[in-house]
Amino acid sequence: MTTATPARRLRIAIGGIGIESSTFCPHRSTADDFRQTRGQALLDRYTWTRPDCDLADLVEWVPLLHATALPGGPVEADSYLLLKDELVERIRSAGPLDGMVYDLHGAMSVMGLDDAEGDLTEAVRAALDFVGTPDDPEHGRPLASAAMDLHGNVSRRFAEPLDLLTAHRMAPHEDAWHTRERAARKLVERLRLPADQRRPHRAWVQVPVLLPGEKTSTRLEPAKGLYGRLPGIEAKPGIVDAAIWVGYAWADQARCRAAVVVSGDDAELAAAEAESLARQYWDARRDFVFVGPTGTAEDSIDRAVASDKRPFLLSDSGDNPTAGGAGDLAYMLGKLLEREEIASGKVTAVHPGIMDPAAVAACFEAGTGAEVTLGIGNKVDTTQGGPYLLTGTVTALQRAADKPDGAEGGAYDRGCDMAAITSGGLTVVVTERRKPFHTLADFMGPAEGGLGIDPRTFDLVVVKIGYLEPELYDMAADWLLALTPGGVDQDLLRLGHHKVARPLYPFDENAYEDGTGPDLTPVLL
């Protein structure tokens, strides 16, 4: 294949909107929930945009808008349009562009839309075509290269306008920043080819399987083996990239299902590899298991209390804010204090972070050392009744401190006021905003001041999360995935999906039992 090195630097834009949204969560996301980055601050997010990077002599990076938010409920329509319109206008005002790195998640839900990323991507494509110069044979049509979360959804409407698309290959997403760099470098590689050779074929196929991320971790088979195939496929002559998406389980939309895309100049090979991956995924559908041992809330607490492993971590998985839960359910708080050993202090436990801005404000007003009686949580998600009435002592207060973008959770962790309340052996952390607790720093706070809570000193650590992020995983002497209720309930069958395209595993357990199997023939886009 001929490589045509442009005499000029390529002009490549960067932007996108990223959030995953549970349609089963009563929370509503607004523009204010998004960390919005523009200008030099946007370029500073990445290592490959730096002046000392090897791409600097080849590319002029053009920052647009990047907006990312902690997962939650669907985005309000007005907020989505505000962000979408700005992104599109910035593309249209950017001047001639050769391409765009499209940095997004892929599981955004918007009130009134069935395929938010499809809607957004069509608008982005139209704006790129507006600034492109397709009549110039050297310049060609601008290419769009998407970097996505593997828990995103890939409808045909979304994939068709894109020229390249890839996704993380690890869950937990330890390769998230590498994925973005891969998307950027692949884009530069393609743009250095003659204009008529730049756009690869994309072999796209959806697989009628929808599983939660906690059943598809790449730490375990079969996901480990499936995703382990991708680098080898990508390395084959004629192939540009290979990607698998497990889809997003907590949105009730037809697009929600697994998908495979293999890109390449060899259309026949790309299609064959895509079909092979899709078939392997389908054949393994019943082999996916939870990434850790599971139990009900009561059973998990019983086993943790009885264990001699410390600290023992429990995942409050149904209300995980980093999957789209409201993050304000006090369900586990009540279950913990029902145990005499914890209520009396014989067993210690820490349970962050229940969102309750009114409770946080009351703790700041009372001050450290004060006894308070407060109704905690269950104010956004009221499916488990009203707030939990807690009497305890305010033991720590922390003012908001944003994480730097690029830190674990920093892409959407805007910081918030927090307060710790201790009742018996339990310390509960209430937060002003929905907040993840993934690292020691989330508990400990800034170097000076902060909550100063060391989770390693507690017998039990109960976190609103699904599979454990790396630092928590390394910390745990043992752990259990508690199958708790909430907007991201791991028991998909009790959530009530009714808009997903059927048949779909596991909703239709016995579909295709006649031996026919689903049609997994890829479409060449």
Side-chain angles (χ1 to χ4, degrees), residues 20 22 24-25 70-71 151 171-173 211-220 223 249-250 288-307 309-336 339 342 347 349-355 377 381 384 408-409 426-429 431 434-440 442-443 453 455-456 458-492 494-495:
E20 55 184 348
S22 168
F24 299 101
C25 177
L70 185 70
H151 298 123
H173 306 322
L211 298 171
E214 284 66 26
K215 277 193 171 182
T216 52
S217 172
T218 57
R219 288 174 177 157
L220 302 176
W250 298 292
F288 290 95
V289 294
F290 282 115
V291 69
T294 62
T296 64
E298 295 87 348
D299 175 60
S300 297
I301 294 169
D302 288 346
R303 291 158 67 184
V305 168
S307 174
K309 303 290 183 62
R310 298 293 185 255
F312 197 113
L313 270 69
L314 298 177
S315 292
D316 179 8
S317 63
D319 194 36
N320 174 13
T322 55
D328 87 322
L329 281 177
Y331 181 83
M332 284 294 279
L333 169 60
K335 298 297 181 184
L336 289 163
R339 285 297 306 235
I342 297 173
V347 173
V350 60
H351 180 29
I354 300 175
M355 182 192 68
D381 190 338
Q384 302 305 311
E408 175 63 39
L426 175 66
T427 296
V428 59
V429 179
T431 61
R434 299 164 63 252
K435 174 181 168 56
F437 282 76
H438 289 176
T439 67
L440 272 174
D442 290 324
F443 292 84
I453 293 174
R456 297 168 296 187
F458 289 82
D459 297 323
L460 277 57
V461 180
V462 184
V463 186
K464 290 183 178 293
I465 199 170
Y467 51 62
L468 299 181
E469 293 293 331
E471 202 164 322
L472 296 180
Y473 187 78
D474 292 340
M475 179 197 309
D478 201 352
W479 80 290
L480 286 167
L481 183 73
L483 302 178
T484 53
V488 289
D489 194 329
Q490 298 291 325
D491 187 345
L492 302 186
R494 69 184 180 190
L495 276 174

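Numbering of residues begins at 1 and proceeds along the displayed sequence.
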> Rounded to the nearest 0.5 Å, what separation is found between the CZ atom of F24 and the CG atom of D381?
13.0 Å

> Is there a side-chain contact between L426 and L333 in this structure, where contact means two heavy atoms from C-beta onward sitting under 4.5 Å apart?
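Contact flag for L426/L333 side chains = yes.
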
> Might you point out which heavy atoms bring G325 and C25 nearest each other, and give the distance in Å?
C-SG, 3.8 Å

> Taking all heavy atoms of L483 and all of R494, pick out the closest pair and write down the distance.
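Closest approach of L483 to R494: O-NH2, 3.5 Å.
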
> To the nearest 0.5 Å, what is the distance between CG on D319 and CG on D328?
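Reported to 0.5 Å precision, the distance equals 6.5 Å.
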
> Check whether any side-chain heavy atom of H438 sits under 4.5 Å from a side-chain heavy atom of I465, and report yes or no.
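When only atoms from C-beta onward are counted, I465 and H438 do touch, with a gap below 4.5 Å.
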
> Answer yes or no: is there a side-chain heavy-atom contact under 4.5 Å between I354 and T431?
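No, too far: nothing below the 4.5 Å cut-off.
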
> Can the positive tip of K215 be found less than 6.0 Å from the middle of the six-membered ring of F288, inside 45° of the ring normal?
no

> Please report the shortest heavy-atom distance between A297 and A482, naming the atom on each side.
CA-CB, 4.5 Å

> State whether F312 and R303 meet the cation-pi test: NZ (Lys) or CZ (Arg) under 6.0 Å from the six-membered ring centroid, and within 45° of the perpendicular axis.
no

> Roughly how far, to the nearest 0.5 Å, is the CG atom of D299 from the NZ atom of K335?
12.0 Å

> Would you say L481 and E214 make side-chain contact, with heavy atoms under 4.5 Å?
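L481 vs E214: side chains touch.
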
> Decide yes or no for L480 and T294: does some side-chain heavy atom of the first lie under 4.5 Å from some side-chain heavy atom of the second?
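Not touching, per the 4.5 Å side-chain cut-off.
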
> If you measure only the distance, is there a donor-acceptor pair under 3.5 Å linking the side chains of T484 and D316?
yes

> On a heavy-atom basis, which atom in L440 and which in E471 lie closest, and how many Å separate them?
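Smallest interatomic distance, heavy atoms only, reads N-OE2, 3.0 Å.
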
> When rounded to the nearest 0.5 angstrom, what distance separates OG in S315 from CD in Q490?
9.0 Å

> Do W479 and L468 come within less than 4.5 Å of each other through their side chains, counting heavy atoms only?
yes

> Let's go through H351 and V429 carefully: what are the C-alpha distance in whole Å and the side-chain angles of both, what is the deciding distance for side chain to side chain contact (heavy atoms under 4.5 Å, CB included) to 0.1 Å, and is it a yes or a no?
CA-CA 6 Å; H351 180 29; V429 179; over 6 Å; no

> So, for D489 and L492, which heavy atoms are closest and what is the spacing to 0.1 Å?
O-CD2, 3.7 Å

> Can you tell me how far apart NZ (K309) and CG (D459) are? Round to the nearest 0.5 Å.
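It comes to 14.5 Å.
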
> Within the structure provided, determine whether Y473 and R219 are in side-chain contact (heavy-atom separation under 4.5 Å).
yes

> Quick one: closest heavy-atom pair of A223 and S217, and the distance?
CB-O, 3.4 Å

> Are side-chain N/O atoms of N320 and S317 paired as donor and acceptor at under 3.5 Å?
no

> Hey, are the side chains of F458 and T427 touching, using non-hydrogen atoms and a 4.5 Å cut-off?
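A side-chain contact exists here, since the closest heavy-atom pair is under 4.5 Å.
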
> Give, for atom OH of Y467 and atom OG1 of T322, the distance between the pair rounded to the nearest 0.5 Å.
8.0 Å

> Before you tell me yes or no, could you show the steps for V461 and F443 under side chain to side chain contact (heavy atoms under 4.5 Å, CB included), namely the whole-Å CA-CA distance, both residues' side-chain angles and the distance that decides it to 0.1 Å?
CA-CA 11 Å; V461 180; F443 292 84; 4.1 Å; yes

> Apply salt bridge (charged side-chain N to carboxylate O under 4.0 Å, His left out) to residues R310 and D478 and explain how you reach the verdict.
CA-CA 7 Å; R310 298 293 185 255; D478 201 352; over 6 Å; no

> Restricting to side-chain contact (heavy atoms from CB on, under 4.5 Å), what partner residues turn up for P321, sequence neighbours left out?
L70, R434, K464

> Apply side chain to side chain contact (heavy atoms under 4.5 Å, CB included) to V462 and V350, showing your working.
CA-CA 6 Å; V462 184; V350 60; over 6 Å; no

> Output, in order, the C-alpha distance, side-chain angles, deciding distance and verdict of side chain to side chain contact (heavy atoms under 4.5 Å, CB included) for L472 and T439.
CA-CA 6 Å; L472 296 180; T439 67; over 6 Å; no

